[in-house]
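See structure below.
Order of listing sets the numbers, starting from 1, for every ligand and every atom in it. Fair warning: this is a prediction, and the values are worked out from it, not measured in the lab.
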Amino acid sequence: MLGHMMQQELMISDLLTHAEKAHGSREIVSREADGTAHRYTWAECAARAKQLANALLAAGVKPGDRVATIAWNTYRHIEIYYAVSGIGAIVHTINPRLDPKQVSWMMDHAEDCHVLFDTTFAPIVAAVREQCPAVKSWIALCDTSKLPQDAGELIAYEEFIAAQSDEFEWPRFDENTACTLCYTSGTTGNPKGVLYSHRSTVLHAWCGSTRDALGIGAVDSILAVVPMFHVSAWGLIYAAAMVGAKLVMPGANLDGENLANMINKEKVTLMAGVPTVWLGVLQHCRANKVSLPSVQGAIVGGSALPESLLRAYEEELDIPMRQAWGMTETSPIGVVNAPLPAHDALPGDELVKVKLLQGRRIFGVQMRILDDDGKQLPEDGEVSGHLQVRGPWVASGYFKGAGADAFTDDGWFNTGDVAAIHPDGYMEITDRSKDVIKSGGEWISSIDVENAACNHPDVAMAACIGVPHPKWDERPLLIVQPVPGKKPPKEEVFACIAEKCAKWWVPEDMVYEEVLPIGPTGKILKRELKDKYNN
Ligand code: ADP
């Protein structure tokens, strides 16, 4: 017997309509390229999204067409998110930090028909447009007066939407329709496209707004540092509309000073970004004796949260940090480090240990760990194995059938991460499969070694890689980016590592790099370091 409940498809446009109706006067503040702040409301955002929807239809965009963006976090990018998916087309977000060859490869693979881009990315457009003959129009996110001169024939976004009506009835269609396409950076082989649906996006936003996930509500002012060009800014654009939060969009300036200024001016309560971003904000606050009194929490993900960063935020800035783990393939929320009642009584140092785990199970994402032979491993917090996940916002395959071997016959996605699961449901990433260091047949967690090294006050960032060794196959090498002007001695850094890790995990040697190479998604490029230090 079926229940007698309404069957209403989950539509992204409903999020915007809700924000317009229930929280119409709540603000979205964006930093423009010239540094000025643009302010408007969710109601104005909805009106302009409707204008854009009308403009896209007039330009011949059909359901299922791919419309690409190369853009910062700004109000116009939000309008594109809602308008493109709202008419049943697909937003293909392109990471501008990729090199133009990869960008044109992705545009070709995605078969993008229109490209909307921030004027700062005009050089990328100039470099790729010859290779992308299928693109019908290149639309610069500006008015006619600011059109870049050297990127070929362009349309100005403001002109594109100006004559269009702001009346539009969002169509309803199958909730499994694709809405967004985001390629993983593809450290091995070609990038692979993850194709989100309206259903997965709305469910993910719902989960994200709950107290034990990102924990956001109407009273929040959210600084979305995590880029809209990578995993939809962790779903914040949708979750904020769902709850009616204020959105603060930093545009192109992601340095510590600009972010700290925006945080204080817009009274940000919650902020989300990768550890390197928070390191920049911390350094600015320390150097200029700045505090961030409005902030009630920072979400950190994308790579492991170093203990030194966690302690600095909690002890110096009085800002609780909440770690989360996820991937492009998981929309991205996979686990979140929200406290349990049992943690109330823990002494400070024990609590820090818990907070350094990637997070615990949330409803919607199931996890398991397997050994090399595919046998499921116990969740004892001791053994680690290949982490697999499944759930309604986890990818079931890649765009155009790529990378099928990442998906198991019994319906799980193989994350490529190596993890342990603790009895209370907390998951602890020990490595990415490709970064694992195998020394004398045993695994060394490069993440643990890096985190311990970062406990030295003069280490800004650290990368631990495996290098060939005649006796042990591989031994760890530590590469350190010192705090500017410092040179932490090897013995001291190794003492920090010995304090936290097994003795044989202490690296063979340590070298300095003034600046570690950072990839397009804000992570240290270990591949590059491995190539450099292989001998
Ligand atoms: P890409 O693969 O394109 O670099 P993703 O954002 O999809 O980008 O990267 C996902 C990976 O990032 C995860 O598989 C994991 O290795 C790493 N990661 C994400 N969050 C954390 C975290 N909190 N701790 C450790 N690693 C993390």
Side-chain angles (χ1 to χ4, degrees), residues 93-98 102 106 180-196 213-214 226-235 272-278 298-307 309-310 321-338 354-360 362 365 367 369 384 386-389 393-395 398 402-403 406 413-420 426-436 445-451 454 461-464 517-528:
T93 52
I94 295 176
N95 189 333
R97 298 187 182 126
L98 296 170
Q102 281 172 301
M106 279 179 194
T180 314
L181 176 64
C182 179
Y183 284 79
T184 62
S185 49
T187 31
T188 52
N190 281 326
K192 294 182 276 292
V194 179
L195 193 59
Y196 308 105
L214 309 182
V226 46
M228 292 174 73
F229 56 71
H230 191 58
V231 215
S232 313
W234 297 351
V274 295
T276 42
V277 162
W278 301 135
I299 309 284
V300 199
S303 48
L305 166 63
E307 181 176 341
L309 192 68
L310 172 73
M321 279 203 147
R322 182 176 281 193
Q323 181 163 201
W325 166 91
M327 315 177 66
T328 309
E329 290 86 339
T330 63
S331 296
I333 301 173
V335 300
V336 186
N337 198 317
V354 175
K355 288 185 172 183
L356 291 174
L357 304 175
Q358 271 57 37
R360 65 178 162 85
I362 45 164
V365 180
M367 305 185 281
I369 46 172
S384 41
H386 303 286
L387 176 68
Q388 298 188 342
V389 293
W393 55 84
V394 176
Y398 290 110
F413 166 64
N414 203 351
T415 63
D417 281 334
V418 177
Y426 279 77
M427 186 270 279
E428 179 178 8
I429 298 271
T430 47
D431 242 316
R432 273 194 127 165
S433 318
K434 59 184 169 36
D435 294 338
V436 160
S445 161
S446 64
I447 295 184
D448 283 358
V449 175
E450 289 157 7
N451 278 349
C454 286
M461 285 202 277
C464 185
I518 299 286
T521 60
K523 290 167 213 187
I524 297 173
L525 283 175
K526 288 201 180 170
R527 182 76 266 153
E528 219 167 86

**Request:** Heavy atoms only: give me the nearest Gln323-Leu357 pair and the separation to one decimal.
**Result:** NE2-O, 3.1 Å

**Prompt:** Who's closest to atom 26 (N) of ligand 1 heavy-atom-wise, of Gly519, Ser303, Cys182?
**Reply:** Ser303

**Asked** Going from CE on Met367 to CZ on Phe413, what distance comes out if it is rounded to the nearest 0.5 angstrom?
**Response** 14.5 Å

**Fill in**
Near Gln358 (heavy-atom distance under 4.0 Å), the atoms of ligand 1 are 22 (C), 23 (N), 24 (N), 25 (C)

**Item:** Point-to-point distance, once rounded to the nearest 0.5 Å, from OG of Ser433 to NE2 of His386
**Value:** 6.0 Å

**Prompt:** Measuring from the heavy atoms of Gly416, does anything fall under 4.0 Å of ligand 1?
**Reply:** no

**Request:** Check Pro332 against ligand 1 and report side chain, backbone, both or neither, counting heavy atoms closer than 4.0 Å.
**Result:** neither

**Prompt:** Are a donor atom and an acceptor atom from the side chains of Tyr398 and Glu329 found within less than 3.5 Å of each other?
**Reply:** yes

**Request:** Have a look at Met427, Lys434, His230 and point out the one with the heavy atom closest to atom 6 (O) of ligand 1.
**Result:** His230

**Request:** State plainly whether the residues Glu428 and Arg360 are in salt-bridge range, i.e. N to O under 4.0 Å.
**Result:** no

**Request:** Number the atoms of ligand 1 from 1 as they appear, then name those within less than 4.0 Å of a heavy atom of Gln323, with their elements.
**Result:** 22 (C), 23 (N), 24 (N)

**Prompt:** Between Ile447 and Ala304, which heavy-atom pair has the shortest distance, and what is it?
**Reply:** CG2-CB, 3.5 Å

**Asp417 contact mode with ligand 1 (heavy-atom cut-off under 4.0 Å)** = side chain

**Asked** Under 4.0 Å from any heavy atom of Gly302, which atoms of ligand 1 are there?
**Response** 12 (O), 17 (C), 18 (N), 19 (C), 20 (N), 21 (C), 27 (C)

**Request:** Go through ligand 1 atom by atom and flag the ones less than 4.0 Å from a non-hydrogen atom of Thr328.
**Result:** 5 (P), 6 (O), 7 (O), 8 (O)

**Asked** Have Asn337 and Trp325 got a donor and an acceptor in their side chains that come within less than 3.5 Å?
**Response** no

**Message:** side chain to side chain donor-acceptor pair (under 3.5 Å), that's the test. Do Ser446 and Asp435 meet it? Break it down for me.
**Reply:** CA-CA 7 Å; Ser446 64; Asp435 294 338; 5.3 Å; no

**Option nearest atom 23 (N) of ligand 1 (shortest heavy-atom distance, choices Gly301, Ala324, Ala304, Pro275)** = Ala324

**Request:** Of the side chain and backbone of Met327, name the one, both, or neither that has a heavy atom under 4.0 Å from an atom of ligand 1.
**Result:** both

**Per atom 10 (C) of ligand 1, closest listed option by heavy atom (Glu329, Lys523, Glu428)** = Lys523

